[in-house]
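Note on naming: letters A, B, ... go to the chains in the order of the sequence lines (proteins, then strands), and numbering restarts at 1 for each one. The shown structure was predicted, so the numbers you read here are calculated from the model rather than taken from an experiment.
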Amino acid sequence: MANPGKAPGQHFIRSIIDEDVRNGKNGGRVHTRFPPEPNGYLHIGHAKSICLNFGLAREFGGLCNLRFDDTNPTKEEVEYVDSIQEDVRWLGFDWDDRLFYASDYFEPLHAYAVQFIRDGKAYVDSLSPGEIREHRGTLTEPGRESPFRNRSVEENLDLFERMRRGEFKEGEHVLRAKIDMASPNLNMRDPVIYRIMHAPHHRTGDAWCVYPMYDFAHGLSDSLEEITHSLCTLEFEDHRPLYDWFLEQLGVFHPRQIEFARLNLSYTVMSKRKLLELVRGGYVGGWDDPRMPTISGLRRRGYTPASIRSFCERIGVAKKESTVDLSLLEYSVREDLNRIAPRVMAVLRPLKVVIENYPDDRTEELEAVNNPEDPSMGTRTVPFSREIYIERDDFREDPPRKFFRLAPGREVRLRYAYFITCREVVKDETTGEVTELRCTYDPETRGGDAPDGRKVKGTIHWVSARHAVESEVRLYDRLFNRPNPADVPEGEDFKSLLNPDSLETLSACPVEPSLKEAAPGDRYQFERLGYFCVDTRDSEAGRPVFNRTVPLRDSWARIEKAQAGKG
RNA sequence: UGGGGUGUCGUCAAGUGGUAAGACACGGGCCUUUGGAGCCCGCAUUCGGAGGUUCGAAUCCUCCCACCCCAGCCA
């Protein structure tokens, strides 16, 4: 789907599942799950996990559940559960009727906990949080057993029941698994499995005041849903022995946890904490600010679901911590948009051109191709008249070597229109700024070809002044200046690394009239400039606002840079 | 200096004893009414390092080095 006709790359998780299926494990069944905690918006890193989980399930004819890991009511909100569903769906995946919540399992989970107590494998600890920490030991020293570790089953049962009934304050007691305080793996040193929280839950309301911890709830939820392959990120590798322990002790269905490296992207931050900080501090316009690496930000920026999917396929899956180059993401959108986006002409920084030998009272409708990559997208017509706007960058009074655009005395082609020659440069007398170009056109070159076979080096885009629709256009650039914004200099905050030029707003850009009724979300290629989409938040009927998704590759910029380098 | 991981091109990443895929980036060329797109070519004598086993090692063994994760009643 993401890469039609292209075989997906091999990676270790695919190999494991492939082997399990061949061996008939789980009856050849493949069942995964995407388990976000609803405490923030999804970002491109989650997209990797979503594509992996839903993609693998689809690939092997299996299923993938959407399950909210909502075991901490103090951090979770419905706003997030709504946005997460919207984002997953937008990415092109579907969980049918398999929308679950860890909170759906609070009752069975509680019953499992009671069973652990009955089996003498869990106990109520009444140490304070600080004491528990002290008893845990350190990385190099074993922990010490709690004095409450050997309470009787009856006492534990009674205490746990009273915890549930709300007889205690937060922190007074916790339920712990009885494993091994001397384990070199800290996760096995009698992990807390239930804690008291007098907080209403977004789904269960005030039905509970004890909530299960991640380690306890996650694996058991996987088991309850009969998940075959439980994919998670590297930091949970240390938790796998515990994941396995709970399931083994209970003798219930036992999914296999497999860990992979999370995605890092150059020039961006991916931690929910930092993204939240950018939102709360007003450094960006919100979770869906087009500069954000969130799914909603990318969507508003104009990224397509297909481009994100192909990106996720391209980056691969491995256990090595790595940072993917932002250029790969950009390549993925350009590839998709090149195929599907209609071309259109727009001028970002206008320079007026008067075509002296073109009658003032004339307007012509010239035919333009909508997408050279896809003839089925047809043609449209663009109006041409005596006064037009061209890009200021497309004129140089003193053209450097290899500059093929307009300059005094030079002839260029106006795309789909005529050859024009620059005859005169009009400047502001006080500032010296070029304010207008006086040109002449060759009537024989209508449509862009010269009957005498004359060639021209450059073709530039333009918009008829009289017919132009003035639009606001937003140019976005990377949010951070550093390849790795997590690498903050001593004593500085990561926000000091923000790119002050990540947003440039251009008002009153002349765009061709066909764009007047462009609908929110519509994507276009502004010829020679880049891909743009109509902002879904700030556009009004007849007044589209455009967001630049990504610029086109600019080989002239490259040449110019190389020339500058040579001095 | 406890435990768990990872080290293959600038960045990702295949490869699992038979003599280093692919992608992005980069460089060069062709083509072009987008300096876009497309096409072609180039781009790791070498796989963190050092030894060893073998006819043969990125793949096996030994030692070493570097980096990441773990001491939440977060997930």
Side-chain angles (χ1 to χ4, degrees), chain A residues 9-11 15 35-37 39 69-72 74-76 125 127-129 132-134 136-143 170-176 183-189 191-197 211 213-215 217-218 232-241 259 261 263 266 272 313-332 334-335 338-339 343 345 368-369 371-373 402-405 413-417 419 445 447-449 455-461 483 525-530 551-559:
Chain A
Q10 191 54 262
H11 59 66
S15 304
E37 180 189 15
N39 67 343
D69 224 327
D70 55 351
T71 56
N72 185 348
T74 63
K75 292 190 173 175
E76 296 145 11
D125 196 356
L127 253 23
S128 71
I132 288 181
R133 193 185 331 113
E134 284 164 25
R136 188 155 27 228
T138 67
L139 295 177
T140 52
E141 302 157 20
E170 291 185 14
E172 246 179 284
H173 306 285
V174 290
L175 184 68
R176 293 231 253 169
S183 171
N185 181 343
L186 306 215
N187 294 122
M188 301 299 273
R189 318 240 266 227
V192 172
I193 59 182
Y194 264 91
R195 78 288 214 190
I196 297 168
M197 290 180 113
Y211 292 93
M213 296 287 289
Y214 165 86
D215 287 305
H218 195 90
C232 63
T233 43
L234 252 29
E235 67 271 27
F236 293 105
E237 210 151 15
D238 287 342
H239 295 239
R240 194 170 64 226
E259 311 83 13
L263 169 67
S266 60
K272 280 189 191 173
E313 188 58 50
R314 251 188 280 260
I315 58 176
V317 179
K319 297 191 72 160
K320 185 175 69 168
E321 299 243 28
S322 59
T323 301
V324 174
D325 212 294
L326 192 57
S327 66
L328 188 61
L329 215 212
E330 296 184 335
Y331 172 83
S332 298
R334 286 197 191 101
E335 176 189 52
N338 176 50
R339 222 163 32 214
R343 297 321 86 143
M345 290 197 285
V369 172
N371 188 344
E373 302 295 318
K402 290 188 179 171
F403 182 85
F404 300 148
R405 284 113 92 147
R413 171 167 41 232
L414 292 177
R415 175 140 240 233
Y416 299 125
F419 285 8
T445 57
D449 284 308
K455 296 292 180 196
V456 94
K457 279 278 196 48
T459 299
I460 65 176
H461 60 277
Q525 183 197 97
F526 286 2
E527 292 217 25
R528 303 209 305 132
L529 297 173
L552 248 27
R553 284 185 67 222
D554 187 350
S555 49
W556 162 243
R558 221 172 289 272
I559 292 168

Could you list, one pair per line, each protein nitrogen or oxygen that sits under 3.5 Å from a nitrogen or oxygen of nucleotides 16-19 of chain B, together with the distance?
none

Taking N or O atoms only and anything under 3.5 Å, show me the protein contacts with nucleotides 2-4 of chain B, one pair per line.
residue	atom	partner	partner atom	Å
B:rG2	N9	A:L139	O	3.1
B:rG2	N2	A:P184	O	3.3
B:rG2	N3	A:L139	O	3.1
B:rG3	N2	A:D238	OD1	3.3
B:rG3	N2	A:D238	OD2	2.7
B:rG4	O2'	A:D238	OD1	3.3

Short N/O separations, protein against nucleotides 65-68 of chain B, under 3.5 angstrom:
residue	atom	partner	partner atom	Å
B:rC68	O2'	A:E321	OE2	2.5

Write out a two-atom table: protein N or O, nucleotide N or O from nucleotides 22-27 of chain B, distance below 3.5 Å.
residue	atom	partner	partner atom	Å
B:rC24	OP1	A:Y331	OH	2.9
B:rC24	O2'	A:S327	OG	3.2
B:rC26	OP1	A:R558	NH1	2.4

Enumerate the protein-to-nucleotides 39-42 of chain B contacts in which both atoms are nitrogen or oxygen and the separation is below 3.5 Å.
none

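When heavy atoms are screened at a 4.0 angstrom cut-off, A:F236 is found touching base atoms of the nucleic acid. Residue A:F403 is in base contact, counting any heavy-atom pair closer than 4.0 Å across all strands shown. Within the 4.0 angstrom heavy-atom criterion, no nucleotide atom of any strand lies near A:L529. At the heavy-atom level, A:I132 lies under 4.0 Å from base atoms of the strands shown. Counting non-hydrogen atoms under 4.0 angstrom, A:D449 reaches a base of the nucleic acid. If you check every strand for non-hydrogen atoms under 4.0 Å, A:H173 touches nothing. Nucleic acid contact for A:S183: none, since no nucleic acid atom lies under 4.0 Å from a heavy atom of the residue. Using a 4.0 Å heavy-atom criterion, one finds that A:V192 contacts the sugar-phosphate atoms exclusively. Residue contacts for A:Q525: at a heavy-atom cut-off of 4.0 Å it reaches a base atom on one of the strands shown. Residue A:N72 is classed as a sugar-phosphate contact, given heavy-atom separations below 4.0 Å to backbone atoms only. Looking at heavy-atom distances under 4.0 Å, A:T71 makes contact with sugar-phosphate atoms alone, never a base. Looking at heavy-atom distances under 4.0 Å, A:P372 makes contact with a base. Across all strands shown, A:K457 has no heavy atoms under 4.0 Å from either base or sugar-phosphate atoms. Contact annotation for A:V369: no contact, since no heavy-atom pair falls under 4.0 Å across all strands.
If you take CD of A:E259 and C1' of B:rA75, they are 15 Å apart, rounded to a whole angstrom. Distance CZ (A:R176) to P (B:rA71): 14 Å, rounded to an integer number of Å. For the pair A:R528 CZ and B:rG36 P, the interatomic distance rounds to 10 Å; values are reported in whole Å. Residue A:L326 contributes atom CG, which lies 16 Å from atom P of B:rU11 at whole-angstrom precision. Taking atom CZ of residue A:R415 and atom C1' of nucleotide B:rA37, one finds them 11 Å apart after rounding to whole Å. Rounded to an integer number of Å, the gap from NZ of A:K75 to P of B:rC73 is 12 Å. Across the protein-nucleic acid pair, A:R189 atom CZ and B:rC70 atom P stand 15 Å apart, rounded to whole Å. Rounded to whole Å, the distance from NE2 on A:H11 to C1' on B:rC12 is 14 Å.
Residues forming a ring pair (Phe, Tyr, Trp, His ring centres under 6.0 Å) with A:H218 (at least two apart in sequence, or on another chain): A:Y214. Under the rule for a side-chain contact (heavy atoms from CB on, under 4.5 Å), the partners of A:R558 that lie at least two apart in sequence or sit in another chain are A:R553. Contacts of A:I559 classified as side-chain contact (heavy atoms from CB on, under 4.5 Å), with partners at least two apart in sequence or in another chain: A:K402, A:W556, A:Q563. A:N187 pairs by the side-chain contact (heavy atoms from CB on, under 4.5 Å) definition with A:N185, A:D238, A:H239, A:L242, not counting sequence neighbours. In this view, A:F419 satisfies the ring pair (Phe, Tyr, Trp, His ring centres under 6.0 Å) rule with no residue, not counting sequence neighbours. Remark: A:S15 engages A:Q10 in a side-chain contact (heavy atoms from CB on, under 4.5 Å) (not counting sequence neighbours).
Of all heavy-atom pairs spanning A:M213 and A:Y194, the tightest one is CG-N, 4.2 Å. For the residue pair A:H11 and A:V317, the shortest heavy atom distance occurs at CB-O, 3.4 Å. Smallest separation of non-hydrogen atoms from A:T138 and A:R189: O-NH2, 2.7 Å. Taking both residues in full, the closest heavy atoms of A:D69 and A:E76 are given as O-OE2, 3.5 Å, listed atom of the first, atom of the second, then distance.
Closest-nucleotide positions on RNA chain B for A:N338 and A:A261 were compared, and the one nearer the 5' end corresponds to A:A261. Each of A:D215 and A:R405 was matched to the nucleotide of RNA chain B holding its nearest heavy atom; the match closer to the 5' end belongs to A:R405.
By the rule that a glycosidic angle within 90° of 0 means syn, B:rG72 counts as syn.
Applying the 4.0 Å criterion to OP1 and OP2 of B:rC74, one finds that A:T74 has every side-chain N and O outside that range. For A:R195 and B:rC74, the shortest distance from a side-chain N or O to OP1 or OP2 is below 4.0 Å. Listed pair A:K320 / B:rA13 meets the phosphate criterion, a side-chain N or O lying under 4.0 Å from OP1 or OP2.
Taking every side-chain heavy atom of A:R136 into account, B:rG72 is the closest of B:rG72, B:rG36, B:rU8. Here B:rA14 is the nucleotide among B:rA14, B:rG5, B:rC74 with the atom lying nearest to any side-chain atom of A:Q10.
In this structure, CG in A:L127 is found 11.5 Å from NE2 in A:H173, a value given to the nearest 0.5 Å.
Remark: RNA chain B forms stems of 3 or more consecutive Watson-Crick or G-U wobble pairs, all pair distances under 3.5 Å, at B:2-7 with B:65-70, B:10-12 with B:22-24, B:26-30 with B:38-42, B:48-52 with B:60-64.
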Does the pair A:K75 and A:E37 meet the rule for a salt bridge (Lys or Arg N to Asp or Glu O under 4.0 Å), with working shown?
CA-CA 9 Å; A:K75 292 190 173 175; A:E37 180 189 15; over 6 Å; no
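Distance alone, capped at 3.5 Å, places no donor-acceptor pair between the A:E335 side chain and the A:Y331 backbone.
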